2 protein chains.
Amino acid sequence: MTDKMPIDPENPLKNSAFSLIDESMDDDESKGRIRLSNELIILAAAERTFSRSGFKGTTMAQIAEAAALPKANIHYYFGNKQNLYRHVLDSILHEWLTPMDDITPEADPKTALEAYVRHKMRMTFERPDASRLFANELLHGAEVINPLLSTELKNLVETKAAVLDGWIAAGKMKPVDSTHLFFSIWALTQTYADFDTQICAIQGEAAHTPEAHERATNHVLSMIFRACGLE
Amino acid sequence: MTDKMPIDPENPLKNSAFSLIDESMDDDESKGRIRLSNELIILAAAERTFSRSGFKGTTMAQIAEAAALPKANIHYYFGNKQNLYRHVLDSILHEWLTPMDDITPEADPKTALEAYVRHKMRMTFERPDASRLFANELLHGAEVINPLLSTELKNLVETKAAVLDGWIAAGKMKPVDSTHLFFSIWALTQTYADFDTQICAIQGEAAHTPEAHERATNHVLSMIFRACGLE
DNA sequence: GTCTATATCTAGATAGAC
DNA sequence: GTCTATCTAGATATAGAC
């Protein structure tokens, strides 16, 4: 399974079932070129800033500075802080909840799990801010995304856990608690973004080199494979 | 290894090497009974409130309400918000960084790791607010505790990783990346507190029953044992 | 030692000139 | 469509009565 193809943050599976935004005014045609470009700049700046300081900890002035735009423009484009936050979360959600697609009854367990874990690790290293923003939202009760978690995510996990149970029943892998295995995969992978501070404190700046990323990926893969008796 | 003995939040290993507080005015004798009692009430209220809403998201008024004391009293006892936060973090740190003591060269790998994992899982379920507060601090760059992480914690992990490497060299367990194994244990255990919202969304309120706690503990133990070839 | 009343400051939001 | 100047709400912190 390749580890090369980078993830394009600007193309998160349009028309996904997951969305926090009410009016689907996503048709880019109706927006001016400048507006569209500025919105993307603001969203990127907001993701970085919210990620570092949380919702309350972030000020509109900080976002404006990060976007190199006057503060009032942020309000002009997104109305208020809450609404901007929802848009940022929405742009992350698609990517976060979709890479499980590889896990199907017909797939080979080792190949499918490796693809999934590698996908999660790549997201962790390429978009750590997105991971931390999502983590922060969960950590504080997920007021905004809870509705989506208990419907879409719940269904998704139940479906995929059933696939794992099928593999186990067919003797293709060792018995594991399939639902908890997903919690474990999320925990093992996302910790490299969410608690990067701690990892850096222990390993130093070297934790950010490609070699360190590969070492981490191999470790996590090994954990999952051993858990499933796949090596 | 027993899973029964509860952790006493009011007795976190006095005289530990880890501390964020400058003046060691911890000698309880010099403080009035009322002051001491009120300080504990405030610290507990602050832990809950900071945990739910983060540092900026928490207001002194919320803490005062949770402590059932007038707002001005919080300032009277702790001076300002920052200082109160440091005290709360300090009271958590001891517990967080010490339960690795069981991991010594002489110990049996399976017994020692099981004790450590069970200890972490118990803390996760008994003091989820403390776990989330710590997670939040890391997530946002650990401005307050970074100094301690890159000294005390770094040393601790290096020492304990060497113990694991010794076990591996002695053929007592399968080769693993010992440093990353600690990251994995922390991630696997703390996820049940930090991302409880997500787990609840998937498993429902049943996630909070003793049976669910046991199921989670067994799953995590199994993950670690299989990773180390200990079952 | 306790708490009410208040000063001060910060940040979200907007009016209105350009 | 852009941005300066300003309003207002709400939070930290404290002065001073009890």
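Numbers restart at 1 for each chain; the letters A, B, ... are given by sequence-line order, proteins then strands. Just so you know, these numbers come straight off a predicted model, no measurement behind them.
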Problem - B:Ile63 and B:Leu84, any side-chain heavy atoms less than 4.5 Å apart - result: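 In short, these two side chains touch, coming nearer than 4.5 Å.
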Between [N] ([atom2]) and [X] ([atom1]): distance, integer Å:
X: B:Lys71; N: D:dA13; atom1: NZ; atom2: C1'; value: 7 Å
X: A:Tyr77; N: D:dC3; atom1: OH; atom2: C1'; value: 12 Å
X: A:Glu65; N: C:dG12; atom1: CD; atom2: P; value: 14 Å
X: B:Tyr76; N: C:dT2; atom1: OH; atom2: P; value: 6 Å
X: B:Leu84; N: D:dT12; atom1: CG; atom2: C1'; value: 13 Å
X: A:Asn80; N: D:dA9; atom1: CG; atom2: P; value: 17 Å
X: B:Lys81; N: D:dA11; atom1: NZ; atom2: P; value: 9 Å
X: A:Asn73; N: D:dG1; atom1: CG; atom2: C1'; value: 8 Å

Exercise for the section: Over 60° means perpendicular and under 30° means parallel, so classify the ring planes of B:Phe183 and B:His180, tilted if in between. Expected result: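 Perpendicular: the ring planes of B:His180 and B:Phe183 meet at over 60°.
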Minimum-distance nucleotide (side-chain atoms of [X] versus [options]):
X: B:Lys56; options: C:dT14, C:dT2, C:dA11; result: C:dA11
X: A:Ala72; options: C:dA15, D:dT12, D:dT2; result: C:dA15
X: A:Ile34; options: C:dC3, C:dA13, D:dT2; result: D:dT2

Practice task
Using only side-chain N and O atoms of B:His75, determine if any of them is under 4.0 Å from OP1 or OP2 of D:dA13.
Solution key: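 So the side chain of B:His75 is within the cut-off, an N or O lying under 4.0 Å from OP1 or OP2 of D:dA13.
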Practice task
Indicate whether OP1 or OP2 belonging to D:dT2 is found under 4.0 Å from a side-chain N or O atom of A:Asn38.
Solution key: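 It does, given that an N or O in the side chain of A:Asn38 lies less than 4.0 Å from OP1 or OP2 of D:dT2.
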Exercise for the section: Let me see the working for A:Tyr192 and A:His219 under ring pair (Phe, Tyr, Trp, His ring centres under 6.0 Å), right down to the final yes or no. Expected result: CA-CA 12 Å; A:Tyr192 290 97; A:His219 167 77; 7.6 Å; no
Practice task
Check whether the ring centres of A:Tyr116 and A:His119 lie less than 6.0 Å apart, and answer yes or no.
Solution key: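 No - the distance between ring centres of A:Tyr116 and A:His119 does not fall below the 6.0 Å cut-off.
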